[in-house]
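Predicted model only: the values in this text are computed from it and were never measured. Reminder, nothing fancy here: chain letters follow the sequence lines and each chain counts from 1.
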Amino acid sequence: MRRILAILLENEPGSLSRIVGLFSQRAFNIESLTVAPTEDESLSRITIATKGDDKVLEQIVKQVNKLIDVIKITDLTERSHVERELILIKVLAMNDKSRTEVKRITDIFRGSIIDIGKQVYTIQLTGDADKLNAFVKTLANETEIIESVRSGCVGIARGEKALRV
Amino acid sequence: MNTPLFTGAEMVVKALSALDVKYIFGYPGGTVLDIYDAIFQQDDFEHILVRHEQAATHMADGYSRATGDVGVVLATSGPGATNCITGIATAYMDSIPMVVLSGQVPTTLIGDDAFQETDIVGCSRPIVKHSFNCRKVEDIPNVIAKAFYIAKSGRPGPVVVELPKDILIPDNKAEYNIETNVQMRSYNPTKKGHPKQIKKAVKAITEAKKLVIYSGGGIVLADASELLTQLVETLNAPCTNTLMGLGGLAGTHKNFIGMLGMHGSLEANKAMANADVILALGARFDDRVTNNVKKFCPNATIVHVDIDPTSISKTINAHIPVVGLIDIVLQQIIDELDETGFLPDQEPLATWWEQINEWRAVKSVSYQQDDGKIKPQRVVEAMYKITNGEAYVCSDVGQHQMFAAQYYPFDKPRKWINSGGLGTMGFGLPAAMGVKLAFPDSHVICITGDGSIQMNIQELSTCLQYNLPVVIVTLNNRSLGMVRQWQDMVYGGRHSSSYMESIPDFVKLAEAYGHVGIQIDTLDELDSKLEQAFSIKNRLVFVDVCVDEKEHVYPMQIKYGAVDDMWVKKGVKA
């Protein structure tokens, strides 16, 4: 089962490597991982998308919590939450037909074209993983994808619940 | 008035003194020479110069296991630091508090593949509780204080501190400030068990008809033996210890049913398999205990008390988990028993003991000594008699380790010192040296084999330099006994690389290092020569005992079986 874990930890050199090392050392799966400092620069927040049954997830949460740098970890998928991912994708847009079609698909998915080259469009889109997958698939049917980059998902709990010190 | 300024090297020494360090174990080299210079100019603690950094870690480890204090190691960058890896991993697996101070190349050179540069924090990451890249002179004292606090608190473990040369040198000075009362927002280990869980645990253990207390190294580390003994006696429960937990309950206590697991007693493993409630205290359901987890005690309710939540329900699902320091939780359980007046029913308890005594009567931990070669078990029994069971016994890894665990009952904790988790050959001698340093007036035995002793034999030189008269007893079977046993049992008797064709003359070797060597070849000279060895107080004695190379360690769990599926002796199933 897919889970999204949010981790708040000390923004120290090496703290990310401890998290990544732990996952590989204990053969836990990482589907995606994102990290950045928070508004309080002494803290980093990591979002990890992972897969595993309840027993594996329990170990992941406990093992991450055991790391000295980690302040809190929560499984966002346990309750109502918002999850978003960003994709930047560069596609071939050679003629009017493909340009129109790419623009139309982008509008339908509520993305935006953020750069134009002689023969390419670069598009930005945010959404959950499903939406991004659908977008990429639709584009691929219409034109050639030159390259793409995904941010990995970030997430936050709905309502009052918050992950903070 | 100006505030005095100190170099980083001086700060290291001052911080170690402030933390009451008595010994540090190490080996000098380029990046730590400033620290060595500062050590030279102080008298608060003594530095022990080893012959190999691995031995420094094991010495610090042995010292810590015997005293409970944090073991401290100092190594230079690069090879000095990487030589510590095995010792760090050994301490990590057995939860031993240790601080390893490692030199590093100057910050300006880090990442350039400089001479003797290794990313020791990266190398050691999976085998430390935590580590620090110290980068500023003024940070040194508090980083060291934090390292000690982390190493010792919660579930103890090793902490590595990397110190680049340019923050240690004389032209880089700062004010010295240290806060020994460490507070960290990201690290607050649990102390007390949750009251609701304590109530549940007490209910389960007093309603049990077939209770077993299964206690591990956590009892020893937390100095909770007396509380464990009190609980065992209050409940009149049978108690088994893990390899790491031996001495937690006295080996001669009437409620002690022996070690459990792979080479545990039949009664311990049978009791586990038949229990309706298992109270696990500071133990972690290691694979050498459980055998096949799918067949492990399917009918038992498991109450698991541990300081480390990751140990709970990792391999075996706990029905009643209790997270907390074992001594505090034990006191809570005892208090709850007092308050409620709950006690187990006497009738089923008596039946349970009758059953256990039947298993005991099999005498699964036994051997036959005929007129032929000396049996290794016989040597351990002889040592037990001579030392009145009061020695510190430091073991290497292999058959001799299991024989010592089976035939030397420990009545006190911290007396049995062995690498149980990692199984590090070469651990025994340096560990014994660390113990001897702490307890110079006690008998300290290094029980070892002809394989293990050669993995850190260079430390015989350190023993002479610091006058560490340990008694080394080698159960010499001219082969790697445990490997050979498995080859006999599982690999059709093909002794692939388990036979040593050129074993040194250990007596001459001991003498060459300035010690006393004693050779024992026959049974009739065993007791008298061992007595002679233990009567020599001021010199290290190396006793080389030629034992039966065909002897196997029994009892032994049958692979893939349940916890109580055992060979009690060659070809005989329980």
Against chain B, residues from residues 64-73 of chain A with at least one heavy atom under 4.5 Å, in numeric order, are Lys66(A), Ile68(A), Asp69(A), Val70(A), Ile71(A)
Greater than 12 external heavy atoms within 6.0 Å of Lys131(A)'s NZ = yes
By residue number, those in residues 19-40 of chain A with heavy atoms under 4.5 Å from heavy atoms of chain B are Gly21(A), Gln25(A), Arg26(A), Asp40(A)
Per-residue tally against chain B (heavy atom, under 4.5 Å) across Glu10(A), Arg18(A), Gln63(A) peaks at Arg18(A)
Under 4.5 Å to a heavy atom of chain A? For Asn188(B) that would be neither
If one checks every heavy atom of Ser42(A) against chain B at 4.5 Å, the contacting part turns out to be both
More than 12 heavy atoms of other groups within 6.0 Å of Met184(B) CE:
yes
Against chain B, residues from residues 134-165 of chain A with at least one heavy atom under 4.5 Å, in numeric order, are Val165(A)
> More than 12 non-hydrogen atoms from neighbouring residues, nucleotides or ligands closer than 6.0 Å to NZ on Lys146(B), yes or no?
Replying inline: no
- Lys152(B) NZ: over 12 foreign heavy atoms closer than 6.0 Å: no
Comparing Glu12(A), Glu58(A), Lys55(A) against chain B, the one with the most heavy-atom pairs below 4.5 Å turns out to be Lys55(A)
The reported gap from CG in Asp54(A) to OG in Ser313(B) (rounded to nearest 0.5 angstrom) is 12.0 Å
When the 4.5 angstrom heavy-atom criterion is applied to Arg135(B) and chain A, the contacting part is neither
Among residues 100-130 of chain A, residues within the sub-4.5 Å heavy-atom range of chain B, in order of number, are none
- Ignoring hydrogens and geometry, is there a side-chain-to-backbone donor-acceptor pair from Lys62(A) to Asp308(B) under 3.5 Å? no
